[in-house]
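Numbers restart at 1 for each chain; the letters A, B, ... are given by sequence-line order, proteins then strands.
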2 protein chains.
Amino acid sequence: MKGDLLPATQATAPTGSRRALIAGFATELFHRKGYAATSMRELASVSGIEAPSLYNHFSSKETLLHEICFGMADAFVSTAQRIAAMDLPVEDRLARAIEEHLRLLFSDREAVGVFVNEWRHLSEPSLQTFKSLRSDYEQFFAGLFQEGMQKGVFRQGDPLWLGRQLLLLMNGSVHSTARPDSEALADLGRRFYSLWMHGVASPTNQPD
Amino acid sequence: MKGDLLPATQATAPTGSRRALIAGFATELFHRKGYAATSMRELASVSGIEAPSLYNHFSSKETLLHEICFGMADAFVSTAQRIAAMDLPVEDRLARAIEEHLRLLFSDREAVGVFVNEWRHLSEPSLQTFKSLRSDYEQFFAGLFQEGMQKGVFRQGDPLWLGRQLLLLMNGSVHSTARPDSEALADLGRRFYSLWMHGVASPTNQPD
DNA sequence: TCCAAACATACGAACGATCGTTCGTTCGCG
DNA sequence: CGCGAACGAACGATCGTTCGTATGTTTGGA
């Protein structure tokens, strides 16, 4: 009854966008309740249609998860490639990587939440691919730290460990930070960069 | 047939421990597959009994989650209270807090995984209590940073933000770090403390 | 010391609910 | 006329949980 009226007046024009709309609702639900705890009927309900109609747009529940996870993963990886190719000092490339990672992070916090927490529900062929992309991205950050150590601008340490920790920190910050405008986001990037570079000790207290 | 023989020979002694054993299996499953994606029948299967028998030990599926989550939460909060009462310089209390948090973290990584990721599936009366305990613990770390800033040993910043970020970082490290022995664990604590205090920049590169 | 009542723990059967998904159909737009 | 997109009905599977029951152990009164 409700689903009849809408498609009657706007069938073709928003028909392509209905798919994207559903994907958005799915993102919100997967993020808030988790993939396994979200039912197709509930997704249909918030989308304003009945459950079987979802299958006109997505061939399965996991297809939705797949699109969300790989959409974010591709965005992260391609950004990393762009920054890696820049002709900048390594610490500036780190600052850029932090900045761009945060920008992506806050451009769609719900999708990021799914990307970070729900990927394990992907099934096997996709799961391996996803892990591989993730590993690539970690290696990009590890590479920045390694290069910085070789050039003496960073102190010695485990580059991969540092890369993973930095990613962990930024990804998690999505939960505990209010939505920033573009200025607050740049400020957040500087905070992360400063915290990571110099720590919390006051300048007068820097030992070693 | 299999469940008959075991209780026949060892009925009273491990009868109390069967409960703990099931809780352990539940922890492992909730951690690996997620609470919503774990069925009572599967838990029963790995426990070596049938699903209805679980209800002789736990009154519901959520009771299992409740025990795991609040068991960890209580451990964290009581540790925080112990450290807060110590008569030590604030930066040493921070180091101790990091060390003890890591010790708890790695004392039962699976329980910690459930504690960190699955608490949202608690239902309402417990959910509020859990969030409250969590907030107490965050405030403990925030308090350390705030005190350190007042005494000039830490540079200025948002104490609550810093506390949450530090917790985020340590909690997440459970996934990306191999199981440490007690020495490696102490070393990990020093790594966190140093990273947090002084950052990654090499000493010759410390500006500000 | 012995027997019976009480208890703890396991089981198979089964309940109603809900799950993801398929099917056949209808209906309006191009 | 065909096609995309919606629907109701319904499929088999699985969900958390309850029930009645069997069996072994513990316990307490005669």
**Student:** Output the rounded distance in Å from NZ (Lys61(B)) to P (dT14(D)).
**Tutor:** 15 Å
**Student:** May I have the distance from Ile49(A) (atom CD1) to dG8(D) (atom P), rounded to whole angstrom?
**Tutor:** 12 Å
**Student:** Round to a whole Å and report the spacing from CZ of Arg41(B) to C1' of dC15(D).
**Tutor:** 6 Å
**Student:** OP1 or OP2 of dA8(C) sitting under 4.0 Å from any side-chain N/O of Arg18(B)?
**Tutor:** no
**Student:** Between Lys33(A) and Glu118(A), does at least one N-O distance fall below 4.0 Å, as a salt bridge requires?
**Tutor:** no
**Student:** Taking only side-chain nitrogens and oxygens of Ser53(A), does any of them come within less than 4.0 Å of OP1 or OP2 of dC7(D)?
**Tutor:** yes
**Student:** If I take atom CZ in residue Phe58(A) and atom P in nucleotide dG20(C), what distance separates them, rounded to the nearest angstrom?
**Tutor:** 15 Å
**Student:** Of the nucleotides dT17(D), dC11(C), dC7(D), which has the atom closest to the Pro52(A) side chain?
**Tutor:** dC7(D)
**Student:** Short of 4.0 Å, heavy atom to strand atom, which residues of residues 30-39 of chain B count as contacting DNA chain D?
**Tutor:** Thr38(B), Ser39(B)
**Student:** Measure OH/Tyr55(B) against C1'/dT17(D) and give the value in whole Å, please.
**Tutor:** 5 Å
**Student:** Using whole Å, report how far CG of Leu43(A) lies from C1' of dG20(C).
**Tutor:** 12 Å
**Student:** Return the value, rounded to whole Å, for the distance between atom CG of Leu54(A) and atom C1' of dC7(D).
**Tutor:** 12 Å
**Student:** Does dG4(D) have OP1 or OP2 sitting under 4.0 Å from an N or O in the side chain of His57(A)?
**Tutor:** no
**Student:** Indicate every side-chain donor-acceptor pair of residues 137-147 of chain A with a distance under 3.5 Å to a residue at least two apart or in another chain.
**Tutor:**
from	atom 1	to	atom 2	distance (Å)
Tyr137(A)	OH	His101(A)	ND1	2.6
Glu138(A)	OE1	Arg164(A)	NE	3.1
Glu147(A)	OE1	Arg93(A)	NH1	3.2
Glu147(A)	OE2	Arg93(A)	NH2	2.9
Glu147(A)	OE2	Lys151(A)	NZ	2.9

**Student:** Under a 3.5 Å cutoff, is there a donor and acceptor pairing between the side chains of Glu62(B) and Ser123(B)?
**Tutor:** yes
**Student:** Quickly work out the Asn56(A) CG to dA6(D) C1' distance and round it to whole Å.
**Tutor:** 7 Å
